[in-house]
Amino acid sequence: ENLRVVCQCCEGKGEVPLSDDLQRTYQVALKMPKITAVPLAKLLKWNGSVTAINNRLDGLVKFGLLTRTKNGREVVYAAAK
């Protein structure tokens, strides 16, 4: 299933498909009630930087698919309701 999100380029008047990377990140993140970037990177079997995973998670927050809360220095993501 290819999720579609509101386009950021046309003032929210259209929709675009979610990129494959964001789609996979979102699907894996939904398997947990709450998740942070490091465990998500492990679940994705990601060998790159954790910053890249944080950027993906922040992108999903901007599209309204996840919420972001801070717990001290840790940033916790969860499915948006």
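All values below come from the heavy atoms of this structure, side chains included, with hydrogens, waters and symmetry mates left out. The shown structure was predicted, so the numbers you read here are calculated from the model rather than taken from an experiment.
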Sequence neighbours left out, what pairs pass salt bridge (charged side-chain N to carboxylate O under 4.0 Å, His left out) with at least one residue falling in residues 22-51?
-> none

From L22 CG over to L66 CG, what is the distance, rounded to the nearest 0.5 angstrom?
-> 9.5 Å

Could you pull out the closest heavy-atom pair between T67 and V61, with the gap in Å?
-> C-CG2, 4.2 Å

Residues 63-75 vs salt bridge (charged side-chain N to carboxylate O under 4.0 Å, His left out), sequence neighbours excluded, gives D58-R68

Starting from V76, walk the hydrophobic network (Ile, Leu, Val, Met, Phe, Trp, Tyr; side-chain heavy atoms closer than 4.5 Å) and list everyone else you reach, by chain and number.
-> none

To the nearest 0.5 Å, tell me how far L18 CG sits from Q27 CD.
-> 9.0 Å

Before giving the answer on side chain to side chain contact (heavy atoms under 4.5 Å, CB included), spell out for M32 and L43 the whole-Å C-alpha distance, their side-chain angles and the decisive distance to 0.1 Å.
-> CA-CA 11 Å; M32 306 294 289; L43 288 171; 4.3 Å; yes

Reported CG-to-OH distance for the pair L60 and Y26, which is rounded to 0.5 angstrom = 8.0 Å

Heavy-atom pair with the smallest gap, counting every atom of G64 and A80 | O-CB, 3.3 Å

Could you please spell out the steps behind the side chain to side chain contact (heavy atoms under 4.5 Å, CB included) verdict for I53 and L44?
-> CA-CA 9 Å; I53 299 300; L44 289 168; 3.8 Å; yes

Pair T36-Y77, side chain to side chain contact (heavy atoms under 4.5 Å, CB included): steps then yes or no | CA-CA 6 Å; T36 61; Y77 297 88; 5.8 Å; no

Under the side-chain contact (heavy atoms from CB on, under 4.5 Å) test, which residues partner A79, sequence neighbours left out?
-> L30

Closest non-hydrogen atom pair, V50 against A37 | CG1-CB, 3.6 Å

Closest non-hydrogen atoms of A78 and P33, given as atom of the first, atom of the second and distance, are CB-O, 3.4 Å

So R56 and W46, side chain to side chain contact (heavy atoms under 4.5 Å, CB included) or not? Walk me through it.
-> CA-CA 12 Å; R56 288 185 195 181; W46 178 253; 3.1 Å; yes

Residue pair T25 / L40, side-chain heavy-atom distance below 4.5 Å = yes

